[in-house]
Amino acid sequence: MRSSFAVVAIALGCLGPRTTPAPRVAIEAPPPAPTVAGAEPKPRPAMRIVPKPESLSTAESLFAVKTTTATHRTIYMNLSGGTYTHASDNSAENRSSVTPKNKPSVTLPGYEKNDKSKLELLACTRAAFARWNVTVTTEDPGAAPHVEVVVGGVPALLDLEKNVGGIAPMYGDCDMVERAVVFVFSKIYKDARDECETVAHEAGHAMGLDHELLCEDPMTYLEGCGQKVFQNKAAPCGEGKPRSCMCGATQNSVSFLDARLGKAEGAPPIALPPITLPPTPTTPPPPPPPPPTSGDGEPPRIAPLAPADGTKLPENASVTLAAHVTDDVKVAKVSLLWTIAGKTTEIDCAAPPQGTTCTNFFGAYSFQLPGGKGPRSWAIKAIDGAGNVRVSEPRALMLGEGGAAPEAPSKPTATAPTLTFVGPDNGAIFRFGSTIPVRVSVSGVVTAVQVVWRTYSGDEIVGLEKVDATTWGADLAVPKLTLPGPRTIRVRVPGGNATLPADRVITILP
């Protein structure tokens, strides 16, 4: 049973408006977990919506959003701990957007349990993601893009309530946080199974998954139904009550990860994570097969490449990417694979898009394009006359320092709807116990409208309801006990493309 102090701490952690009648989504410091059949509550994972660090150049905006392909990802299980600074996520540089803003850095200890628990945790995590094109490793990938899961310590190290089992960043449009740093506080868990399910939950947020009201799925807060595995089933989202998902009416974890990650070769039909320890090797593994002989059966060779992995360039720099490609018979096609926030575009050297150039001088291929801001990754793909394909190892590239860029309104298309704030007025003052009438006028067709309410304890998402043919709204109740001061209200259209109004800032007074 929680002490009265713990209950007060949890209640104060959810300061902000209540909606009438639309549901409220508390992103951090959740209330006691809902249970199934009276199960005992467990520590709760959490997520925090963070702004994207990327901005696109004009050339990138013409092609970067056109092609989204499933991409291999790496999950680095950091069981050694480390020191992390508050900034936009960059797992290669120990920068995290979910550490406290008021602390220059925080230090997390390593995993504190014995080797048996460590092996169980790793085996369970690998099994949880066995269906997909994911590598789960305990070796630091360095500058290569990866999601880092820091396992160890307690939530107080990040100034979180003691019932928070983990925390991860998530983008509001459900894109992949490619270099996310997420935290799982293993010291408050009893066994590796609970730790494993929390790792799946937090890594899922970094990959773009919302909370689900499906007890058997690790993305849920519900308890009491046994082991949790990713479910191939459409489910409503929510923490304790159903709501629309952040990027759709419902969410199917398996189909979402199929599209984002791609299936592993020989993937199981469903993701089943039983804890099975790897057998102790008794004989050395067989030697690798000899390399293929030269000829039509061998793909092209790609080397060297430039620039080096982890290169940093100024913001909005002109980027030149080069590789030497050869083949024993004929090189038929060379392409650049350019990845921004999980979206990969293949640029054919023979037909580059507007704003991008490519030259070939006796097998020395050079792509040039104007960059924007934030992390990128790239690779070279080559195909010979016989159809053999080789893709180089991806390399990381940083444009600018990677700091958080201000969120900009979505770029409209010819048919994109336009949203306008009707109320409240910018700078309006509201007292404890009053209501804030939020009204948004919509020109065009939308299926859902939400506002993000910025509070001292994190972001809350409020779904608006249709008031008439062109107006959406909700009445937000200001609690009688809350923190006075300014609040920001931001409009969003889940999963949609629309012209959005500027934020409104109001003030709450006693």
Side-chain angles (χ1 to χ4, degrees), residues 9-17 25-30 44-55 78 81-109 147-150 152-173 175 177-185 202 205-206 246 315 341 373-375 398 400-408 451-462 482-490 492 503-508:
I10 293 169
L12 293 179
C14 293
L15 297 177
V25 181
I27 301 305
E28 291 189 69
R44 302 282 303 283
M47 66 176 175
R48 183 177 297 164
I49 298 175
V50 297
K52 288 187 172 182
E54 300 90 1
S55 63
N78 180 354
T83 300
Y84 298 83
T85 58
H86 181 82
S88 294
D89 283 83
N90 189 329
S91 51
E93 299 181 1
N94 282 15
R95 302 193 312 192
S96 166
S97 61
V98 299
T99 58
K101 294 181 180 179
N102 61 343
K103 292 184 177 180
S105 63
V106 293
T107 299
L108 277 295
V147 172
E148 181 170 344
V149 182
V150 185
V154 295
L157 294 170
L158 267 61
D159 293 348
L160 297 171
E161 299 290 343
K162 66 179 181 180
N163 69 321
V164 177
I167 189 166
M170 181 176 178
Y171 289 149
D173 61 1
D175 261 355
V177 186
E178 291 291 344
R179 297 168 180 268
V181 178
V182 309
F183 299 91
V184 174
F185 307 114
E202 301 299 0
H205 281 322
M246 292 178 65
E315 182 178 339
K373 176 183 177 182
M398 176 62 73
E401 292 302 315
E407 293 183 350
V451 293
V452 179
W453 175 261
R454 296 280 167 101
T455 75
Y456 287 96
S457 61
D459 292 347
E460 295 180 4
I461 299 175
V462 178
T482 187
L483 291 175
R487 302 286 196 277
T488 300
I489 302 176
R490 170 169 295 162
R492 69 189 297 271
D503 296 350
R504 289 286 169 95
V505 178
I506 59 95
T507 300
I508 294 177

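Side chains are part of it too, since the values below use all heavy atoms of this structure and drop only hydrogens, waters and symmetry mates. FYI, the numbering just counts along the sequence from 1.
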**OP:** Would you please name every residue forming a salt bridge (charged side-chain N to carboxylate O under 4.0 Å, His left out) with Glu148, sequence neighbours left out?
**Re:** none

Original post:
Counting only N and O atoms by type, is there a donor-acceptor contact under 3.5 Å from the side chain of Asp89 to the main-chain atoms of Val181?
Top reply: yes

Original post:
Would you find a donor on one side and an acceptor on the other, under 3.5 Å apart, between the side chain of His205 and the backbone of Met170?
Top reply: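 Side chain of His205 to backbone of Met170, a donor-acceptor pair under 3.5 Å: no, none is there.
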
Interatomic spacing from [atom1] in [X] to [atom2] in [Y] - rounded to 0.5 Å:
X      : Y      : atom1 : atom2 : result
Glu315 : Met398 : CD    : CE    : 11.5 Å
Arg95  : His86  : CZ    : NE2   : 11.0 Å
Leu160 : Thr99  : CG    : OG1   : 10.0 Å

Report yes if the side chains of [X] and [Y] come closer than 4.5 Å at any heavy-atom pair, otherwise no.
X      : Y      : result
Pro109 : Leu157 : yes
Thr488 : Arg504 : no
Asn90  : Pro375 : no
Val451 : Arg490 : no
Ile489 : Asp503 : no
Ser88  : Ser97  : no
Val149 : Val184 : yes

Looking at every heavy atom in both [X] and [Y], which two are closest together, and how far apart are they?
X      : Y      : answer
Phe185 : Val164 : CD1-O, 3.3 Å
Pro169 : Val177 : O-CG2, 4.0 Å
Val147 : Ala206 : CG1-CB, 4.4 Å

**OP:** Name all residues meeting the ring-ring contact (aromatic ring centres under 6.0 Å, His included) criterion together with Tyr84; count only those two or more places apart in sequence or in a different chain, and write none if there are none.
**Re:** Phe183

Subject >> Non-neighbouring partners of Pro100 that pass side chain to side chain contact (heavy atoms under 4.5 Å, CB included), sequence neighbours left out >> reply: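 Per chain and number, Pro100 pairs via side chain to side chain contact (heavy atoms under 4.5 Å, CB included) with Asn102, Lys103, Val106, Leu158, Asp159.
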
Subject >> Partners meeting side chain to side chain contact (heavy atoms under 4.5 Å, CB included) with Thr83 (sequence neighbours left out) >> reply: Ser105, Thr107

Original post:
With sequence neighbours excluded, what pairs up with Ser91 under the side chain to side chain donor-acceptor pair (under 3.5 Å) test?
Top reply: His146

